[in-house]
Chemist: 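Got a structure here, written out as structure tokens. Questions coming.
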Amino acid sequence: MAIKYIRKNLSSLKDLANSPAHRAVEIPRGFIGNMTILKSASGRIFLTSFKREDVEFFIEAFEDLKSTTRLSPDGMNILEQTLTGIINDWIGFDATVRRCPFEPFLYALKAVNGVIFTLKDTPNEMLVKAYARVLESYWEAGSDEHTQIVKNILSNWDWGQPVFVAIGMYACHTQDNDPEIDEIMLKRLLYTRLYAEAAYVCLANRPGGINSARALIDYIREDSHPALNTKTPIEVTNSMKRELKGYLKNIDPDIYRELAEEYTETIKHKSISKNGRKCLDSIFKVRKPQPSSFNDILKEYPSIPADEKETFAVRLRLAYSESRREDNDALTRIDDPELLETVIGIVEDSSKNSGSMIFALMSFAKSKFEPARDYITQKYAGLDIKNPRWLEYACAASMAGDSVALDYIFEQFFFKGASTAEQNRGFVMRCFLRENKNDAGPAMKKLFDKVIHSPEMQPPFLIACLELFKNRDFSEKFYPEVFDGVWRDMTAKALMRKPPDTRTLSYIVDLVSYVANNSNKSSYEKMLTEISITKDEKSYKLPEILKRVDSLMLNLYKS
């Protein structure tokens, strides 16, 4: 039966709590907020007694905190201490009465917009955790009363901010595992568009057995699910997949083995989305059988009769893929001039109408077979710098022992815009730097010292940095600290300009979002904080940059 809505003049919290349990009540504007509450047939809105003045006490506190809280680790520590003091003050109003702050605290949250929502429909995880941790500290272990209050809120409330904090409370409350709350998460909140991801993350971080693990696997099998309330799709996000991997990694080994066996024998053969299959295959280490490889065929060369070499070359051509690292690694082991000539023809033909052949070039450059290295240096010697392949051959020639200097290659990439095709420039340099990790930093520093004093060099430099680091896998594994200083100096100069240089700031924020991780995030905290407190009413682009900085700081410092 469809839920019906009724309008009713509510003059007190008691009226609200005693309204018909099988209806949804729309709260008038005059009554602390104006959002809608959905109730189950047996539900009640409140389980504890409190007054309107209690709610107003918390509302006033939240309004103050909204404008003073800073999104940083120190800011969250101060926020948690302040919230604890506020709750203790409230409890102290009447020391003779045992008071649970859950309902008035959370009900006040629904009346103050923007407490934990810093972006539309996206709660700030750092703020959610801070509010949840503080409130959960008042949840007494083993208290049936406190558990029932949280259960009631998760079942019967549908106000965004309070429900997100209540979900966070349960995620923090590891002392008690309540099957009924788990069921509410699985059957209601997981299939509610607004709360799906928060409910999933909460479940994946709670202790559980094989049944809850199966439930999360079943959820991830599809790309989307219809929401219970709106029927619109709920997308399975990458963070949900990561949570599932972490959950199954830490689960009881016997349960994991049973699930892995069940997946490979049963679930894997059922209807399952492409992305779901990829995720679960990676978790349970499912491998596809591989056909004969390019490397295996190369090994046959010494035993191939002369009259079969043409057929052999066709087999090689069909097996070779310039995108497979193992195929290009096999090139380093070629030590026969005739075979080298055949393979060079295959490599050059395969790259004419496709992507970069940089892997192959670098394989030849690393070879111990001198003719392979000579092939690279001879190709480079006759190449004009305007040629689209110049950067590829220059990098390979440098590795092969030619006199191409590292600082010259870096100068062409970072400041001159070497003419390699746009989509390949960053890829070429990433491959090259992986092979020259130890020598890259000093060679770069000599050039980067010029950037701060040469404004005309800064735009091409930042664009080249974006091309280089937009690959997150590369950013996590290879990041020379030489970039830290030049980016910080450029940020400081951009902030000093009136109005601020928003183009440079925008580039810097993008770059930090690519390269910052747990091991180096402290390098950027001060710089991001300085950007976040920048004010300039004349700069219409600045507010958007500040929003991106807030979101970035949330992701960096939420754990």
Side-chain angles (χ1 to χ4, degrees), residues 69-76 114 117-127 238-239 413-415 422 425-426 429-430 444 448 451-452 454-559:
T69 300
R70 300 306 305 167
L71 293 176
S72 67
D74 286 343
M76 291 304 101
F117 280 81
T118 55
L119 297 173
K120 184 180 179 182
D121 294 335
T122 306
N124 183 309
E125 292 181 37
M126 190 184 293
L127 290 170
N238 288 331
S239 65
F413 176 74
F414 286 106
F415 306 119
E422 186 74 15
R425 290 181 70 241
M429 188 53 59
R430 285 193 292 273
M444 286 180 180
F448 293 176
V451 179
I452 298 304
S454 304
E456 71 280 359
M457 298 173 72
Q458 294 178 13
F461 169 71
L462 288 171
I463 291 169
C465 288
L466 287 168
E467 290 179 12
L468 180 62
F469 288 112
K470 65 184 178 183
N471 180 290
R472 293 186 186 278
D473 179 62
F474 174 79
S475 301
E476 288 180 5
K477 294 178 181 177
F478 176 87
Y479 176 67
E481 293 180 359
V482 65
F483 286 93
D484 285 346
V486 70
W487 289 348
R488 278 197 292 269
D489 287 346
M490 292 177 71
T491 300
K493 289 184 180 294
L495 292 172
M496 288 170 61
R497 296 190 179 103
K498 298 297 180 183
D501 178 357
T502 52
R503 183 187 183 194
T504 295
L505 293 176
S506 182
Y507 284 151
I508 295 292
V509 173
D510 282 340
L511 285 166
V512 175
S513 73
Y514 294 148
V515 306
N517 53 55
N518 284 332
S519 63
N520 67 12
K521 64 185 180 182
S522 60
S523 301
Y524 301 107
E525 183 174 2
K526 183 178 179 182
M527 182 172 72
L528 290 173
T529 302
E530 288 174 351
I531 298 175
S532 72
I533 61 175
T534 304
K535 294 180 180 179
D536 192 295
E537 296 177 357
K538 295 180 181 179
S539 177
Y540 69 94
K541 292 184 179 179
L542 188 59
E544 179 58 33
I545 292 174
L546 298 183
K547 284 184 180 180
R548 286 160 54 201
V549 171
D550 281 348
S551 178
L552 176 57
M553 291 182 73
L554 163 65
N555 290 328
L556 279 178
Y557 304 109
K558 65 183 179 182
S559 57

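In this chain, numbering begins with 1 at the start of the sequence shown.
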Chemist: Would you say Arg503 and Pro459 make side-chain contact, with heavy atoms under 4.5 Å?
Modeler: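 Of all side-chain heavy-atom pairs linking Pro459 with Arg503, at least one is under 4.5 Å.
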Chemist: Less than 4.5 Å apart, any side-chain heavy atom of Met444 and any of Phe448?
Modeler: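 Counting from C-beta outward, Met444 and Phe448 do come under 4.5 Å.
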Chemist: Are the side chains of Thr534 and Glu530 in contact, using a 4.5 Å heavy-atom criterion?
Modeler: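 Glu530 does not reach Thr534 side chain to side chain.
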Chemist: Looking at Glu525, is its backbone amide N or carbonyl O close enough to the side chain of Thr529 to form a donor-acceptor pair, meaning the two atoms are under 3.5 Å apart?
Modeler: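 Flag set: sc Thr529 to bb Glu525 pair under 3.5 Å.
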Chemist: Check the pair Asp484 / Met527 against side-chain contact (heavy atoms from CB on, under 4.5 Å), numbers first and verdict last.
Modeler: CA-CA 10 Å; Asp484 285 346; Met527 182 172 72; over 6 Å; no
Chemist: Which atom names give the shortest non-hydrogen contact between Tyr514 and Phe469, and what distance separates them?
Modeler: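 In this case the closest contact between Tyr514 and Phe469 is CB-O, 3.2 Å.
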Chemist: State the CG-OG distance between Leu554 and Ser72, to the nearest 0.5 angstrom.
Modeler: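 Separation between the atoms: 12.0 Å.
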Chemist: Please list, one pair per line, the donor and acceptor atoms closer than 3.5 Å that link side chains of residues 485-499 to other protein atoms, with sequence neighbours excluded.
Modeler:
| unit_1 | atom_1 | unit_2 | atom_2 | d |
| --- | --- | --- | --- | --- |
| Arg488 | NH1 | Ser523 | O | 3.3 |
| Thr491 | OG1 | Trp487 | O | 2.8 |
| Arg497 | NH1 | Asp501 | OD2 | 3.2 |

Chemist: Where is the tightest heavy-atom contact between Val549 and Leu528, given as atom of each residue plus distance?
Modeler: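 Taking every non-hydrogen atom into account, CG1-O, 3.6 Å.
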Chemist: Check the pair Ser532 / Arg70 against side-chain contact (heavy atoms from CB on, under 4.5 Å), numbers first and verdict last.
Modeler: CA-CA 9 Å; Ser532 72; Arg70 300 306 305 167; 3.3 Å; yes
Chemist: Any heavy-atom pair between the side chains of Leu71 and Met76 that's under 4.5 Å?
Modeler: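 Yes; the side chains approach each other to less than 4.5 Å.
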Chemist: Hey, could you give me the CD/OG1 distance between Gln458 and Thr504, rounded to the nearest 0.5 Å?
Modeler: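 It comes to 6.0 Å.
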Chemist: What distance do Met553 atom CE and Asn124 atom CG have between them, rounded to the nearest 0.5 Å?
Modeler: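 Between atom CE of Met553 and atom CG of Asn124 there are 10.5 Å.
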Chemist: Do Tyr540 and Thr502 have side chains that get closer than 4.5 Å, going by heavy atoms?
Modeler: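 No, their side chains stay 4.5 Å or more apart.
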Chemist: Below 4.0 angstrom, N of the basic side chain to O of the carboxylate: do Asp510 and Arg548 qualify?
Modeler: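 Judged by the 4.0 Å cut-off on N to carboxylate O distance, Asp510 and Arg548 do form a salt bridge.
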Chemist: Out of curiosity, Phe415 CZ to Ile463 CD1, how far, rounded to the nearest 0.5 Å?
Modeler: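 Interatomic distance, Phe415 CZ to Ile463 CD1, rounded to 0.5 Å: 12.5 Å.
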Chemist: Nearest 0.5 angstrom please: Leu468 CG to Phe413 CZ, how far?
Modeler: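 Answer for the CG-CZ pair, Leu468 versus Phe413, is 5.0 Å.
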Chemist: Looking only at non-hydrogen atoms, find the nearest pair between Leu546 and Ile531 and report the distance.
Modeler: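 Smallest interatomic distance, heavy atoms only, reads CD2-O, 3.0 Å.
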